[in-house]
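Notes follow once the structure below has been shown.
When reading the values below, keep in mind they use all heavy atoms of this one structure, side chains included, and skip hydrogens, waters and symmetry mates. Counting begins at 1 with the first residue of the sequence. In this text the structure is predicted, and so the values were computed from the model without any measurement.
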Amino acid sequence: MVAVTLIPRAGDHTVVFYHDNELASVVGGYLLGAINDSGVAIIVATPEHRIWVNAWLMQAGVNLATVATSGSYIILDARQTMDGFVVGDWPDPASFWNALSPVLAAAGRRRRPVRVFGEMVALLWGAGLPDAAIELEALWNEMARRHPFSLLCGYPFASVLGEEHSDALA
């Protein structure tokens, strides 16, 4: 697994290749840093992974209802969010911007750290659309030029194994 930056800065874009048993602690620890620093943690994940990360955060002492109500923890469904900007198996830049820029703009108003975990790229990759996943990674980088946030993108380790993925990973 790739090590996660312990103290991410706005503009950082880290990719983690994970085994399922590692995901909650890696993502939970990453998001907890923003919550503990009076920032905003945003999770864009599948229902199963949101459950795992939420359980980890609660074990770490986070009151999910309080942080969600205060705007310190924003929960988005990866599939629903992605369905709002993927057209014909390809991310549409304008739709991506319209879907996520308002969320990041609101989060950034606090002038505190904003950390995003997203796995929409993993959904595209897993659907056999690695070029679309890479395009989405690039769109996130463009979004970071406008909004101050750090990003952690996650891919299941097993999904990137094999020589057939070497060109896309490079």
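Within the structure, the side-chain hydrogen bond (donor to acceptor under 3.5 Å, both in side chains) test picks out the following pairs touching residues 55-65 (sequence neighbours left out): N63-T66. Within the structure, the salt bridge (Lys or Arg N to Asp or Glu O under 4.0 Å) test picks out the following pairs touching residues 41-60 (sequence neighbours left out): R50-D77. Counting only residues at least two apart or on different chains, no salt bridge (Lys or Arg N to Asp or Glu O under 4.0 Å) pair has a member in residues 93-108. Applying the side-chain hydrogen bond (donor to acceptor under 3.5 Å, both in side chains) rule to pairs touching residues 83-94 yields D92-S95, sequence neighbours excluded. Listed by first and then second residue, the salt bridge (Lys or Arg N to Asp or Glu O under 4.0 Å) pairs involving residues 51-65 amount to none (not counting sequence neighbours).
Partners of E137 according to the side-chain hydrogen bond (donor to acceptor under 3.5 Å, both in side chains) rule, which considers only residues two or more places apart in sequence or in another chain, are H13, Y155. Residues satisfying the side-chain hydrogen bond (donor to acceptor under 3.5 Å, both in side chains) criterion with S70, sequence neighbours excluded, are S72. Every residue meeting the ring-ring contact (aromatic ring centres under 6.0 Å, His included) condition with F85, not counting sequence neighbours, appears here in chain and number order: F96. Contacts of R112 classified as salt bridge (Lys or Arg N to Asp or Glu O under 4.0 Å), with partners at least two apart in sequence or in another chain: D37. Residues satisfying the side-chain hydrogen bond (donor to acceptor under 3.5 Å, both in side chains) test with N98, not counting sequence neighbours, are none. Residues passing the ring-ring contact (aromatic ring centres under 6.0 Å, His included) test with F117: none are found, sequence neighbours excluded.
For Y30 (side chain) and L151 (main-chain N/O), a donor-acceptor pair under 3.5 Å exists by modelled atom type.
Residues M120 and W140 have side chains in contact (heavy-atom distance under 4.5 Å, counting atoms from C-beta outward).
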Quiz item: Given the rule in the ring pair (Phe, Tyr, Trp, His ring centres under 6.0 Å) test, do H147 and W97 qualify, once you have shown the distances and angles that lead to the verdict?
Solution: CA-CA 11 Å; H147 299 287; W97 189 268; 5.7 Å; yes
Quiz item: Run the side chain to side chain contact (heavy atoms under 4.5 Å, CB included) check on L152 and V116 step by step: do they pass?
Solution: CA-CA 6 Å; L152 176 64; V116 180; over 6 Å; no
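Remark: L129 CG to L124 CG distance equals 6.0 Å, nearest 0.5 Å. Distance check: N54 CG to L64 CG gives 5.0 Å after rounding to the nearest 0.5 Å.
Linking ILVMFWY residues whenever their side-chain heavy atoms come closer than 4.5 Å, directly or via other members, places V26 and I75 in the same cluster.
The side-chain tip of R115 does not point at the ring of F149 from less than 6.0 angstrom away and within 45° of straight on.
Minimum heavy-atom separation, A122 to P156: CB-CD, 3.8 Å. Minimum interatomic distance between A132 and P91 (heavy atoms only, all atoms of both residues): O-CG, 3.5 Å. Here the shortest heavy-atom pairing between V121 and G154 reads CG2-O, 4.3 Å.
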Residues 39-47, side-chain donor-acceptor partners within the protein, below 3.5 Å, at least two apart:
{"from": "T46", "atom 1": "OG1", "to": "H49", "atom 2": "N", "distance (Å)": "3.4"}
{"from": "T46", "atom 1": "OG1", "to": "H49", "atom 2": "ND1", "distance (Å)": "3.4"}
{"from": "T46", "atom 1": "OG1", "to": "E119", "atom 2": "OE2", "distance (Å)": "3.1"}

